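Below: the structure, in C-alpha cells.
From a predicted model like this one, the values you see are computed outputs, not experimental measurements. Sequence lines set the chain letters: A, B, ... in the order given, protein chains first and strands last, and positions in each chain run from 1.
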Number of protein chains: 2
Amino acid sequence: MTSRKVVSFENIKVACKNCSLATLCLPMGLTPDDVERLDSIIKRGRPYHRGDHLYRGGDKFHSLRVITSGSVKTYSPNEDGGEQVLGFHLPGELIGLDAIQDDCHTCSAIALETTAVCEIPFSQLESLSAIMPSLQHQMYRLLSREIGQDTEMLTLLGKKSAEERLATFLLSFSERFKQRGFSASDFFLSMSRHEIGNYLGLAVETVSRLFTRFQDENLLRVERKHVQLLDIPRLYDIVQGCDSAKSSQSRG
Amino acid sequence: MTSRKVVSFENIKVACKNCSLATLCLPMGLTPDDVERLDSIIKRGRPYHRGDHLYRGGDKFHSLRVITSGSVKTYSPNEDGGEQVLGFHLPGELIGLDAIQDDCHTCSAIALETTAVCEIPFSQLESLSAIMPSLQHQMYRLLSREIGQDTEMLTLLGKKSAEERLATFLLSFSERFKQRGFSASDFFLSMSRHEIGNYLGLAVETVSRLFTRFQDENLLRVERKHVQLLDIPRLYDIVQGCDSAKSSQSRG
DNA sequence: AAAACGACTTGATCAACATCAAGAATTTCT
DNA sequence: AGAAATTCTTGATGTTGATCAAGTCGTTTT
C-alpha cells in the first residue's frame, strides 16, 4: 500500500512542466498551456545503457529525441568501416533533425552512458506545430540553430589548429555544463580520446599530447575522463587563435 | 504603345509557376494552388552585380532568398580579418536559413557574378506555412537538408585528403549543373582559386597544384575558370577515398 | 600601348600533425 | 584475483599540405 504511494524518480519529471530542462529544450519560451499540449505527444521510454543505439543510419525516421539525462554520440558510419563523429549531446539537446529530410536517419546515435530520452513523434509534432504558431516558430529556430552550430564547426575544422580545436571543444562542454547547472570548470567527459579526436579531425595521439601540454601549461588538470579547467580565460584566448594567447600568458 | 506590350525577360519568369527552377526550389512538390499562394508573398528585385552583398553578418534578418540566376558565396568573416567560405550557391538554392535563429544574419552573402534572387519575407512565410501544411513540411525538409549537407561537409573537412576534397567539390558542381539542365562535364566556376581553397580548408597553392595534377592525369581539362571533366567515374573513385582510385585507374 | 595590379602557377622549404611502435594504466572478463 | 583486452600516453619518424618566394599570365587603368 505504501509502495503505491511511492513516486518513482522517473515519474516525478515525467512531464515537461516539472522538468528542469524546460528552459533549454523544445518547450523553451512556450506558454504553460502550449507546453501542456506539447507534453501530450511526448513519449518517455526506459533508459538506454552505454553502447545502446537510439537509432542507426538507415532506420526509418519517426521521432525526434531530446536527451534528458546522460549523453549521446551521433556519428555517420562511412564506407570504409570508419566513422565520423558528428556531435556529443547533453540533456536538453534535440537530435534527429537531419532525418526529417527524407524520413530516414542519415546518421547513428549511441548512448555514451546510461541515458534517458524523450521521444517526440515527428508527424504529431508537425501537426501540432501547424496549429501552434509558437511551436512552429520554435522548431524553425531550433533547426536554424543547428545549422549555425554546424557552420561554426566547419570553421573549426577548416581553419583552426589542433590546439584551438581542443580548447574550443573543452569550452563548449564548460558552457553547456554551466547552462545545465553543473560546474563550468570541473566535469567528466563521457567519450574516449579516440572519439574526441575523431570529432575534431585529429589523431588520438594528438589529443592525448594536447591534454598533457595543456596540463603542463597549467591550463587544466586532467585525469582520464575527469577534467578541471584552471584557466578558462586563457583557453578562450587560445580559441581566438594565434598570438593573443601568448600576450595573455605574459599577463598572468 | 508597342513598348507597353513588350514583355521584358524579367517579367516572363516573374511567377513561380513559370519558373524553370520550380522543381528545385521552395515550391518543389507543392500543388499549383499552393505555389500561387507562396508566389504572392515573394518579392523580386533587380539583379545584384559581382561583388554586391545580398546581406552582411549582423544585418537584421527579414527574408530568405532563393538564387534565380548567377551565383552567390556565403562566408563568415572571422575576428582576424580573414573569412571562412561557407558555401557557393546556384539557382534554386535557398540561403539565409541560419539567420532564423535570432533574427540576425550570422554570415554574409555576396554575388560572384550578376545574380538575381527572389526574396521571401520570413514572417509571411511563417504565417503561410502555419495554414499550408505542405509548405510547412517543405520548410522542415529544406532546413533538415541543410543540416545534412553541413554534416557531409564536416566529414569532408575532418577526414578527407586535399585530393578527395577537390574531387568532391568538382563533382558537387557537376551534379548541381546537371540538375539545372547544364552540362555535367563542362562548366565555368564563378569563384577564384583562393575562394575554393578557403572553402575546402586548403591553401590556394594546393588547389592550383591539384588542378594541374588532375589535368596531368587526364581527369579533367582546366583553363582558368573553365573546367571540363574528362573522367567522372574516376573522380567518384577518388571521392570514395584510399586505393579504390588506383584500382579504377588500372581498369581504364 | 605601357604600366600596374591581381589571379594563378610552380618550385623550394618547413611545420604541424599523422602514423608507427612500444609501454603504462585501467577496465573487463573469467 | 589474475589474465586479457582496452584505453591512454609517450617517443621516433614520416607525410601532407602550408608557407615562402618568384615568376607568368590576364585584366584593368591611364
- Query: chain B on DNA chain D: first and last contacting nucleotide, 5' to 3', under 4.0 Å to a heavy atom?
  - Reply: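 It runs D:dG17 to D:dC20.
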- Message: Below 30° counts as parallel, above 60° as perpendicular, anything between as tilted: where do the rings of A:Y199 and A:F88 land?
- Response: perpendicular
- Message: Among C:dT27, C:dT10, C:dC8, which nucleotide has an atom closest to any side-chain atom of B:T212?
- Response: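 Closest of the options to the side chain of B:T212: C:dT10.
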- Side chain of A:S161 (C-beta onward), nearest among C:dC17, C:dC8, C:dG11: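 Among the listed nucleotides, the one closest to the side chain of A:S161 is C:dC17.
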- Using a 4.0 Å heavy-atom cut-off across all strands, classify A:S208 as base, sugar-phosphate, or nothing. base
- Task: Looking at every strand, decide which applies to B:R224 at a 4.0 Å heavy-atom threshold: base, sugar-phosphate, or nothing.
- Result: sugar-phosphate
- Item | With sequence neighbours excluded, residues passing salt bridge (charged side-chain N to carboxylate O under 4.0 Å, His left out) with B:R180 | B:E93
- Message: Counting only heavy atoms and a strict 4.0 angstrom limit, can you tell me which residues of residues 198-207 of chain A come near DNA chain C?
- Response: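 Contacts with DNA chain C under 4.0 Å: A:G201, A:L202, A:A203, A:E205, A:T206.
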- Query: Above 12 or not: heavy atoms from other molecules or residues under 6.0 Å from CZ of A:F177?
  - Reply: yes
- Query: Atom CG of B:L200 and atom OG1 of B:T168: how far apart are they, to the nearest 0.5 Å?
  - Reply: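 Spacing of CG (B:L200) from OG1 (B:T168) equals 8.5 Å.
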- Between B:E113 and B:K225, is the closest basic N to carboxylate O distance under 4.0 Å?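 A salt bridge is absent here (no side-chain N lies under 4.0 Å from a carboxylate O).
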- Is a side-chain N or O of B:K159 found less than 3.5 angstrom from the main chain of A:N198, in a donor-acceptor match?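 Yes, the answer is positive, given that a donor and an acceptor are paired below the 3.5 Å cut-off.
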